Protein chains: 2
Amino acid sequence: MKGRVLVVDDDAALAEMLGIVLRGEGFEPSFVSDGDKALDAFRDTRPDLVLLDLMLPGADGIDVCRRIRAESGVPIVMLTAKSDTIDVVLGLESGADDYIVKPFKPKELVARVRARLRRTDEPTPEILQIGDITIDVAGHSVKRLDETINLTPLEFDLLVALARKPRQVFTREVLLEQVWGYRHAADTRLVNVHVQRLRAKIEKDPEHPEIVVTVRGVGYKAGPA
Amino acid sequence: MKGRVLVVDDDAALAEMLGIVLRGEGFEPSFVSDGDKALDAFRDTRPDLVLLDLMLPGADGIDVCRRIRAESGVPIVMLTAKSDTIDVVLGLESGADDYIVKPFKPKELVARVRARLRRTDEPTPEILQIGDITIDVAGHSVKRLDETINLTPLEFDLLVALARKPRQVFTREVLLEQVWGYRHAADTRLVNVHVQRLRAKIEKDPEHPEIVVTVRGVGYKAGPA
DNA sequence: GTCGCGGGTAACCTTCCGATAATCCCGATA
DNA sequence: TATCGGGATTATCGGAAGGTTACCCGCGAC
């Protein structure tokens, strides 16, 4: 079973206890005490599960939870000081999968961690990033800085095809084959039309595209440079 | 101690014996003989432990085990006809917690069942939250801000299936398989109707759904964005 | 029996999307 | 500046996808 667990908590004594318990059960814990550093730590360690204290210095637990959830579907278990209903609701709304009220029995914690890990045999959801556009492939959702953008199925597929290999140029023929499934298409101008529609929705300034860029004489690519 | 035990076995004589033994020890057994019906029975009875025969008509034991494990951390004890190593390995890999080789002594079975139940420090109450809808899976209850909403079993299963992976899109085919158990269904419009009925009950404004959202050309998902 | 309820089937309506085609724009080159 | 080619833009139409409603069937309660 996978076992990397990131513990985000500023209580040193508690963190030490968690370390002993988790290691004893075969997990590999890593630790960070500051909310602001949690996201960096998450990116570095890519844990299989996050244990997150609600009360933190720096960014608070709910904020951290949302940020992690924005870029990963990793299981998140919240630690809360008391059974405050509001906290619980907020925690779940912000994307946590479970919560444990302090004080808790080590066995209970381990049981919940195991339970969460068991149902995460799927790889973490695929999130693509181009400029300030974020794409959640499994959720078929596209955002610019938390602002949801509505794309048609075709527009979405087109964007994903480009974004999966950023900076690589795709000819119209290749796009027609990958996105439309047309082989040996004669007329490729169809691509132009849909690139245009896509730009109208996702570009800040459609006159000067930064997400889907034209490479004259060749085709299109995602991102600059 | 909790004691609901679901027995999945097609051997009527064995099932009867198990029933007598389990009842005699204070458990509440329920029975299903067909692998295909096991998952439905599991969802209906919400047992505290599952006794699962490896050889079954319909879906086989390993398949059933995986499906149950996909939606619950309930302890699963396998019954195997002979000490076939491959079967044992497969069984444990598919998520079973223990196995017993037939023929076995009733006392041994009871001992293992007790051991497994002891180790289940109360199953984590699975609470799902989508918008202002709260779902208590074990309690089969759905609320909007302390207001109880009455759902039919099918509607409930549909909602839970979606809510277990918020923001992830499910195609109608997948929903038909997960919720209805239909495999390779031809006509998927059935899903539309029940999504519609579900929305009428749980959405504040069914015209503009926020809990169960359509993703055109793909399917449905729980929650926004 | 019959009443009510849950669930499946089907018909109809509405909305939306994607392909085609026609036109415009712009930059490069002579 | 005239011309040409590649790309951008816009309008329109047919069809597909989803929503909505009505009806039917089966089953359990009474």
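A, B, ... follow the sequence lines: proteins, then strands. Residue 1 opens every chain. None of these values were measured; they are calculated from a predicted model.
In this structure, of dC16(C), dT10(D), dG7(D), it is dC16(C) that holds the atom nearest to the side chain of R216(B). Nearest to the side-chain atoms of L190(A) among the listed nucleotides dG7(D), dA19(C), dG18(C) stands dA19(C).
Going from atom CG of D187(A) over to atom C1' of dG18(C) covers 14 Å, rounded to whole Å. Nucleotide dG7(C) holds its C1' atom 14 Å from the CG atom of L198(B), rounded to whole Å. For the pair L176(A) CG and dG18(C) C1', the interatomic distance rounds to 13 Å; values are reported in whole Å. In this entry the distance linking CG of L175(B) with P of dG8(C) reads 13 Å, nearest Å. For F156(B) and dG7(C), the CZ to C1' distance is 18 Å, given to the nearest whole Å. Taking atom CG of N192(B) as the reference point, atom P of dC13(C) lies 18 Å away to the nearest angstrom. Rounded to whole Å, the distance from CG on N150(A) to C1' on dG18(D) is 15 Å. Going from atom NZ of K201(A) over to atom P of dT9(D) covers 15 Å, rounded to whole Å.
For dG7(C), neither phosphate oxygen OP1 nor OP2 lies less than 4.0 angstrom from any side-chain nitrogen or oxygen of W180(B). For the pair T152(A) and dG18(C), the criterion of a side-chain N or O lying under 4.0 Å from OP1 or OP2 is met. For dG7(C), neither phosphate oxygen OP1 nor OP2 lies less than 4.0 angstrom from any side-chain nitrogen or oxygen of H194(B). Considering only side-chain N and O atoms, Y220(A) lies under 4.0 angstrom from the phosphate OP1 or OP2 of dA8(D).
Nearest-nucleotide positions on DNA chain D place V193(A) closer to the 5' end than the other of V193(A) and Q196(B). DNA chain C is contacted by both L154(A) and R189(B); R189(B) maps to the nucleotide lying nearer its 5′ end (nearest heavy atom per residue). Residue E155(B) is the one, among L151(A) and E155(B), whose nearest nucleotide of DNA chain C lies closer to the 5' end (criterion: closest heavy atom).
Remark: side-chain polar atoms of R197(A) are not paired, donor with acceptor, to backbone N or O of E155(A) under 3.5 angstrom.
Atom CD1 in I149(A) sits 9.0 Å away from atom CG in L159(A) (nearest 0.5 Å).
Around the CD atom of Q129(A), the shell of radius 6.0 Å holds more than 12 heavy atoms that belong to other residues, nucleotides or ligands. Around the CD atom of E210(A), the shell of radius 6.0 Å holds no more than 12 heavy atoms that belong to other residues, nucleotides or ligands.
Checked by distance alone, R197(B) brings a side-chain donor or acceptor within 3.5 Å of a matching partner on the base of dG8(C).
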Please walk me through it: do R66(A) and I62(A) pass side-chain contact (heavy atoms from CB on, under 4.5 Å)?
CA-CA 6 Å; R66(A) 261 195 271 265; I62(A) 295 196; 3.3 Å; yes

